[in-house]
Engineer: 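My structure is below; once you've seen it, I'll send some questions.
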2 protein chains.
Amino acid sequence: MELRHARYFVAVAEELNFRRAAERLHLAQPSLSTQIRQLEQDVGVKLLERDSHKVELTPAGRSFLEGCRRLLQDADDFSRTARRIAGGESGPLSIGFVPSLAHGLLPSVLRLFRKRFPDVQLFLNEMDSTAQIEQIAGHRIDLGFIGLGLPKDIPELEIVAVAEERLVAAIPQDHPIAHKSRKAIPLKALADEPFLLGSRVNAPVFNPWIIVLCQQAGFQPLVVQESGQPITVLNYVAAGLGVTILPAQFSRLVTAGVCFIPLARPTPRYRYCTARLRNNHNPALAHFIGIAREVGDLDARKHIL
Amino acid sequence: MELRHARYFVAVAEELNFRRAAERLHLAQPSLSTQIRQLEQDVGVKLLERDSHKVELTPAGRSFLEGCRRLLQDADDFSRTARRIAGGESGPLSIGFVPSLAHGLLPSVLRLFRKRFPDVQLFLNEMDSTAQIEQIAGHRIDLGFIGLGLPKDIPELEIVAVAEERLVAAIPQDHPIAHKSRKAIPLKALADEPFLLGSRVNAPVFNPWIIVLCQQAGFQPLVVQESGQPITVLNYVAAGLGVTILPAQFSRLVTAGVCFIPLARPTPRYRYCTARLRNNHNPALAHFIGIAREVGDLDARKHIL
DNA sequence: TCGGAGCGATAGGTTATAGCTATTACCATT
DNA sequence: AATGGTAATAGCTATAACCTATCGCTCCGA
């Protein structure tokens with residue numbers, strides 16, 4: 001049996017007349033007769049009761065007709081679905097993201113993505129960037145959503161920057177610099193301050209980057225501590241143990257005793273990136289990255305001080 | 001798209017190797033390649049990512065694979081169903097039956113039929129024989145289940161006797177005949193009794209037949225009443241208003257004051273028949289009639305006194 | 001009672017295409 | 001550089017879907 005037989009049979013069953021059905025199918029009547037006979041032989045069942053002046057369905061034919069209709073409809077439906085998936089408008093998309101994005105860029109990206117592509121089924125997995133690399137390579141997730149970049153350059157991965165943010169210095173409120181001005185200061189202004197950084201395992205790329213920035217600004221920072229979550233570090237800052245540097249979004253975490261001052265001249269920018277396998281052709285991926293960039297730019301204008 | 005494409009695609013998607021898939025399909029590899037390419041072109045979607053050393057499914061292909069599997073399974077399933085319907089083992093079967101069968105032969109027939117053909121969906125409709133003829137002719141029901149026969153002979157209908165029963169005379173308990181013997185009596189013994197018959201609309205065939213039987217036995221019955229349900233008539237008999245003649249099954253309706261005596265010499269037999277349109281080829285019909293005859297014979301041996 | 005109209009089935013030729021074989025092009029591995 | 005595996009391509013063959021022409025049947029109106 002072939003779908004052709006189903007199409008022909010449905011036409012005949014609906015017209016109950018071979019000639020008219022054949023016309024509808026742009027076919028000559030004898031061809032249709034032959035195909036229907038062949039179908040009956042193949043299925044092993046008489047589907048139509050026909051004599052020279054009427055055609056009617058047998059009970060088996062009635063049931064078979066329903067089956068054929070459903071079959072054709074199904075074939076049509078899942079072909080369409082496949083096309084939608086190929087166009088990135090439907091289908092599954094697994095995304096990993098680092099915890100620091102969960103309250104920042106990600107929700108905005110998801111909101112817009114869901115609006116534009118409501119039929120893409122998103123699977124969201126919070127994990128650190130190392131785990132993301134593994135799962136991307138193992139085809140467990142389609143996309144990684146990380147900060148800054150990756151420790152090592154892996155050629156199979158395509159890293160795309162989707163948003164950037166300025167950096168802010170977090171300084172104890174009673175510190176002289178905090179009093180001078182709320183305006184941006186150069187990184188060099190922190191040259192003599194003790195530095196508090198977050199835990200190295202949480203920020204394997206960020207911390208070294210900060211140190212490089214300081215070196216580029218002409219000083220070697222005195223890192224007195226390198227542990228804890230960002231929020232913990234801010235509490236240490238409030239306690240006067242030192243200063244820290246964070247992406248601008250953290251300045252929204254209003255913390256008593258901490259003053260946030262943007263850094264400038266040169267203005268270092270923290271980047272958020274997506275990571276994907278180059279040969280992963282899930283078309284929803286491109287849409288997601290596109291939306292992330294779109295939202296990222298907006299965010300950049302809105303959030304960066 | 002044709003089912004062939006689905007079959008081929010499933011094989012390739014399962015083997016992830018054109019050569020092996022082609023072997024499995026008893027096909028040469030280039031033919032398979034061509035067909036898959038054709039399928040992709042037809043659906044308008046790249047289903048497989050293939051280079052010279054590996055084949056893998058695209059996201060659209062994964063979804064399409066599921067669709068194809070379901071499609072093939074469905075086609076198989078409803079072909080089988082059609083065959084079962086054609087074999088009378090499945091499908092719908094509408095039956096009409098006269099009220100007097102509802103508590104007699106019909107339940108036994110249904111019991112056995114359901115056991116043998118559990119997948120045939122029976123639709124049961126109680127109605128008098130005239131309504132049955134109409135609905136059979138109008139293809140509303142497949143089978144009529146009636147007593148005795150039909151008033152007029154309709155050539156399109158095939159009437160098959162499936163069971164027969166002896167007749168009993170119902171006589172007031174204090175009547176001399178009732179006292180003489182419980183053994184069978186000839187119909188002629190009732191020649192001088194007043195006859196009570198059921199309503200003519202309920203028994204358009206039965207009543208005239210009884211009268212003909214009496215005439216054949218050599219007397220003209222004195223019908224003093226012709227109305228009511230059988231149970232009502234039996235009450236009249238109990239009251240001593242006269243005698244009546246009924247199929248043997250009614251002797252199970254034990255009624256105070258009524259004595260049932262079988263009729264014999266000649267032994268008139270009441271027949272139950274099925275009626276069907278000759279050109280109704282619902283195959284479950286033949287099975288039903290067969291079972292009715294089978295049960296009818298049993299009933300005959302068990303119930304006829 | 002006899003054409004005529006309309007139906008599906010049949011016969012026989014044509015054509016499209018699924019399938020074949022042989023080969024190529026490509027890549028990974030040795 | 002050679003080998004062995006892959007899928008794709010080229011060109012031919014054979015199957016079968018399709019066509020036209022015709023038949024045989026039944027119904028229906030003249």
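Letters go in sequence order (proteins before strands), and every chain restarts at 1.
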Engineer: Does a nitrogen or oxygen in the side chain of A:Q38 sit under 4.0 Å from OP1 or OP2 of D:dA16?
Structural biologist: no
Engineer: Tell me the interatomic distance from A:Y8, atom OH, to D:dA16, atom C1', rounded to whole angstroms.
Structural biologist: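 Taking OH of A:Y8 and C1' of D:dA16, I get 12 Å after rounding.
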Engineer: Tell me the interatomic distance from B:E2, atom CD, to C:dA18, atom P, rounded to whole angstroms.
Structural biologist: 9 Å
Engineer: A side-chain contact here means heavy atoms from C-beta on lying under 4.5 Å apart; do A:L47 and A:L57 qualify?
Structural biologist: no
Engineer: One thing to verify: whether B:R80 and B:D76 come together as a salt bridge, which I'm taking to mean a side-chain N less than 4.0 angstrom from a carboxylate O.
Structural biologist: yes
Engineer: Could you state the CD-C1' distance from B:E56 to D:dT6, rounded to the nearest angstrom?
Structural biologist: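 Interatomic distance, CD of B:E56 to C1' of D:dT6: 14 Å.
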Engineer: Does the side chain of A:C273 come within less than 4.5 Å of A:F145's, by heavy atoms?
Structural biologist: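 When only atoms from C-beta onward are counted, A:C273 and A:F145 do not touch, as no gap falls below 4.5 Å.
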Engineer: Look at the side chain of B:R50 and decide which nucleotide, out of D:dA17, C:dT10, D:dA8, has an atom nearest to it.
Structural biologist: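 Closest nucleotide among those given: D:dA8.
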Engineer: Taking atom C1' of D:dT6 as reference, at what distance in whole Å does atom NE2 of B:H53 sit?
Structural biologist: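 That distance rounds to 5 Å.
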Engineer: Using ring centroids (six-membered ring only for Trp), state whether B:F206 and B:Y270 fall under 6.0 Å.
Structural biologist: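 Yes: the rings meet the under 6.0 Å criterion.
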Engineer: Using OP1 and OP2 only, check whether a side-chain N or O of A:S33 sits under 4.0 Å from C:dA9.
Structural biologist: yes
Engineer: Can you see if the side chain of B:R37 gets near the phosphate of D:dA7 - specifically, an N or O under 4.0 Å from OP1 or OP2?
Structural biologist: no
Engineer: Using whole Å, report how far CG of A:L32 lies from C1' of C:dT10.
Structural biologist: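 The distance from CG of A:L32 to C1' of C:dT10 comes to 15 Å, rounded to the nearest Å.
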Engineer: Answer yes or no: is there a side-chain heavy-atom contact under 4.5 Å between B:R69 and B:V10?
Structural biologist: yes
Engineer: Short of 4.0 Å, heavy atom to strand atom, which residues of residues 17-31 of chain B count as contacting DNA chain D?
Structural biologist: B:N17, B:F18, B:R19, B:Q29, B:P30
Engineer: If I take atom CD in residue B:E15 and atom P in nucleotide D:dA7, what distance separates them, rounded to the nearest angstrom?
Structural biologist: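 To the nearest whole Å, that distance equals 11 Å.
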Engineer: In whole angstroms, how far is the P atom of C:dA18 from the CG atom of A:L3?
Structural biologist: 14 Å
Engineer: Considering only NZ, NE, NH1 and NH2 on the basic side and carboxylate oxygens on the acidic side, decide whether B:E56 and B:R62 come within less than 4.0 Å.
Structural biologist: no
Engineer: Measure the distance from CD on A:Q35 to C1' on D:dC18 and round it to the nearest whole Å.
Structural biologist: 9 Å
Engineer: Heavy atoms only: give me the nearest A:L3-B:E2 pair and the separation to one decimal.
Structural biologist: N-OE1, 2.9 Å
